[in-house]
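Worksheet for the structure shown next.
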Amino acid sequence: MNVMQQMQETLKSEIKQAVLAAELASEAEMPAIVLEQPKDKAHGDYATNIAMQLARIAKKAPRQIAEDIVAQLNQTTGSIKSVDIAGPGFINFFIDNQYLTKLIPTILEQKEEYGSSDTGKGEKIQIEFVSANPTGDLHLGHARGASVGDSMCNILAKAGYNVSREYYINDAGNQINNLALSVQARYMQALGKEQSMPEDGYHGADIIGIAETLAKEYGEQLLEKSDQEQQAFFREYGLKFELDKLAKDLEQFRVTFDHWFSETSLYEENKITPAIELLREKGYIYEEDGATWFRSTDFGDDKDRVLVKQDGSYTYLSPDIAYHKNKLDRGFDKLINIWGADHHGYIPRMHAAIQALGYDADTLEVEIIQMVNLFENGEKVKMSKRTGKAVTLRELMEEVGIDAMRYFFVMRSADSHLDFDMDLAKSQSNDNPVYYVQYAHARICTMLKQAGEKGIDFADYEASLLQSEKAEELMKKLGEFTQVIADAAINRTPHRITQYIFDLSANLHSFYNAEKVINEDNVEATKARLALMEAVRITLANGMKLIGVNAPQSM
RNA sequence: GUCCCAGUAGCUCAGCAGGAUAGAGCAACAGCCUUCUAAGCUGUGGGUCGCAGGUUCGAAUCCUGCCUGGGACGCCA
């Protein structure tokens, strides 16, 4: 807890004591004390609506209640400068913000650790994200999922959760057979032979690339194998190629995983049938029309779901249930799946499965990432995985740059559709918000460097010299960082981090324009300002790291 | 037909475990570089928070219905 949070806690407990002392409510009736930061400075540094909340309990007019509270308030603690009653009954607190200067040594000392908290209390959370089929290139939607997922992991870890990142490899279904057939067809074509693509084949350029490599390396050798052997070969080769490429692209995108979990392993280790049998023992399974059904309607699903088809093969749901059972068996307190919006209809049956396995529905949390629309030259770019003409993650990284992409994909709330404006993301201009933030960081680096060149060492500084309004605003913003991360973690809203670093950057730029940091005629004040700058730099860098954006020394 | 998401300034979006005069960026307009990077700053204008009810001292925020846009509703994955 930093000084700002301590300050707020002190204030809350003072308010509570005053309410009790005024006999307005008993301990049991006491509502949660809400402190907010008013938008208007005339309403003080903090305000509470407690008087309105108590109106019904105390059966008095809010303004009268507010007066009773203020009369009982111990104003000598908590740096309270003055207290006002305003509006319908708000109590406004004006604080002596000198206490904020204590933040600076804290931040300089904690460095990369600043912003951490134990909010999560070590809760074991597994986050599964991306999990794109290894049948082609990652596209725009995956890129958003990867950005949001990775940022969420970083944020939760920083807020004290024990996070495990996982990628589920769909390497067992029909799509992999199609992959093998597609590679085979392209291989034949590469050898100059007439061969049409399978009906649900993958038309991406990457498949053509695989085939050309194979044609070059093996010539017509592979045709000597039996059709079955060829299938197996193309399947394995294609899968390995696609997986390596996925991992490499994601790593370049600054997204890594603790575990890559193979669907095939569920088959190989015979995990699926036992999972179904477990549900059968619990009475959630029945046979009908030659198929095996899961009675998911017991848990609010629209209809029951088939687990084993008439032909004896599993539906997709079966390995998924086995997979989630496996996750739970690994001892996670909570599972978070990050899915594209097109899979949201799958949520009720998955929640049903979790409950049928004997867990609370909210043990599994599904975060839905809404669709991304790509705009170029003011026009919407149509995407199609079938024709392979979708814009890929790799192309975007080359064309747009990773920093801008990572920033853009988390800057909106995940449940809003995102319009990705290529021209804006590419533009090296002040229209591009990622530069605004990076520029703030680079500006500070320049100042620190120049101070160093002038021989100014701010190891010993007196933070209390920071008394200007702009400096105070900056420090206030710095103090919010830990709580912002905690809120972003609890609410699973990584976009709050982009908002925060944008706001902090705005404060920095404003400060920069209002005050000259390095003034050799006043070395003591200069040192204090340099320490503040370093604190801002650390906080900005920590924030950018959470969303996978680089913090440049210069621009 | 059922379900999910969205509808807030000209545009793109925050705000939504209820709070005071609803915010930001872009666009428009007016200013600020002999001074640490102007990729910056300062200011102005701009809103029936989709519509209609309801709950409340108080609703953009919660509830109900409706309208519009997007998506999902397979013994596909």
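Computed from a predicted model, the values in this text were never measured in an experiment. By convention in this document, chain letters (A, B, ...) are assigned in the order of the sequence lines, proteins followed by strands, and residues within each chain are numbered from 1.
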Q: Provide, to the nearest angstrom, the distance between the CD atom belonging to Gln450(A) and the C1' atom belonging to C36(B).
A: 5 Å
Does [X] place a side-chain N or O at less than 4.0 Å from the phosphate oxygens OP1/OP2 of [N]?
{"X": "Ser416(A)", "N": "C5(B)", "value": "no"}
{"X": "Arg443(A)", "N": "A38(B)", "value": "yes"}
{"X": "His495(A)", "N": "G15(B)", "value": "yes"}

Q: Check RNA chain B for consecutive Watson-Crick or G-U pairs with both distances under 3.5 Å and list the runs of at least three as stems.
A: B:1-7 with B:67-73, B:10-13 with B:23-26, B:28-32 with B:40-44, B:50-54 with B:62-66
Q. Are Arg349(A) and Phe294(A) in a cation-pi setup, meaning NZ or CZ lies under 6.0 angstrom from the ring centre and within 45 degrees of the ring axis?
A.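 Pair Arg349(A)/Phe294(A) does not count as cation-pi.
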Q) Where do Asp304(A) and Tyr286(A) land on the side-chain contact (heavy atoms from CB on, under 4.5 Å) test, with the steps shown first? A) CA-CA 10 Å; Asp304(A) 293 340; Tyr286(A) 63 94; 2.7 Å; yes
With rounding to the closest Å, how many angstrom separate the [atom1] atoms on [N] and [M]?
{"N": "C73(B)", "M": "A77(B)", "atom1": "C1'", "result": "15 Å"}
{"N": "C4(B)", "M": "U42(B)", "atom1": "C1'", "result": "45 Å"}
{"N": "C49(B)", "M": "U44(B)", "atom1": "C1'", "result": "23 Å"}
{"N": "A72(B)", "M": "C29(B)", "atom1": "C1'", "result": "46 Å"}
{"N": "A27(B)", "M": "A17(B)", "atom1": "C1'", "result": "36 Å"}
{"N": "A28(B)", "M": "G65(B)", "atom1": "C1'", "result": "40 Å"}

Q | Candidates C5(B), C36(B), A39(B) - which lies nearest the side chain of Val517(A) | A | C36(B)
Is [X] touching bases, backbone alone, or none of the nucleic acid, heavy atoms closer than 4.0 Å?
{"X": "Ser510(A)", "result": "sugar-phosphate"}
{"X": "Ala442(A)", "result": "base"}
{"X": "Tyr512(A)", "result": "base"}
{"X": "Met371(A)", "result": "sugar-phosphate"}

Q) Using the ring of each side chain (for Trp, its six-membered ring), is Phe409(A) parallel, tilted or perpendicular to Phe420(A), with breaks at 30° and 60°? A) parallel
Q: Identify the two heavy atoms, one from Val536(A) and one from Leu478(A), that lie closest to each other, and give their separation to 0.1 Å.
A: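 Nearest pair, atom of Val536(A) first, then Leu478(A): CA-CD2, 3.8 Å.
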Q) Mapping Lys516(A) and Asp419(A) to their closest nucleotides on RNA chain B, which lands nearer the 5' end? A) Asp419(A)
**Q.** Protein proximity profile, nucleotides 72-77 of chain B - base contact B, sugar-phosphate-only contact S, no contact -, cut-off 4.0 Å on heavy atoms
**A.** SSSBSB
Are there any protein N/O atoms within less than 3.5 Å of an N/O atom in nucleotides 18-20 of chain B, and if so, which ones and at what distance?
unit_1 : atom_1 : unit_2   : atom_2 : d
G19(B) : N7     : Asn49(A) : ND2    : 2.8
A20(B) : OP2    : Lys39(A) : NZ     : 3.1
A20(B) : N6     : Asn92(A) : OD1    : 2.7
A20(B) : N1     : Asn92(A) : OD1    : 3.1
A20(B) : N1     : Asn92(A) : ND2    : 3.2

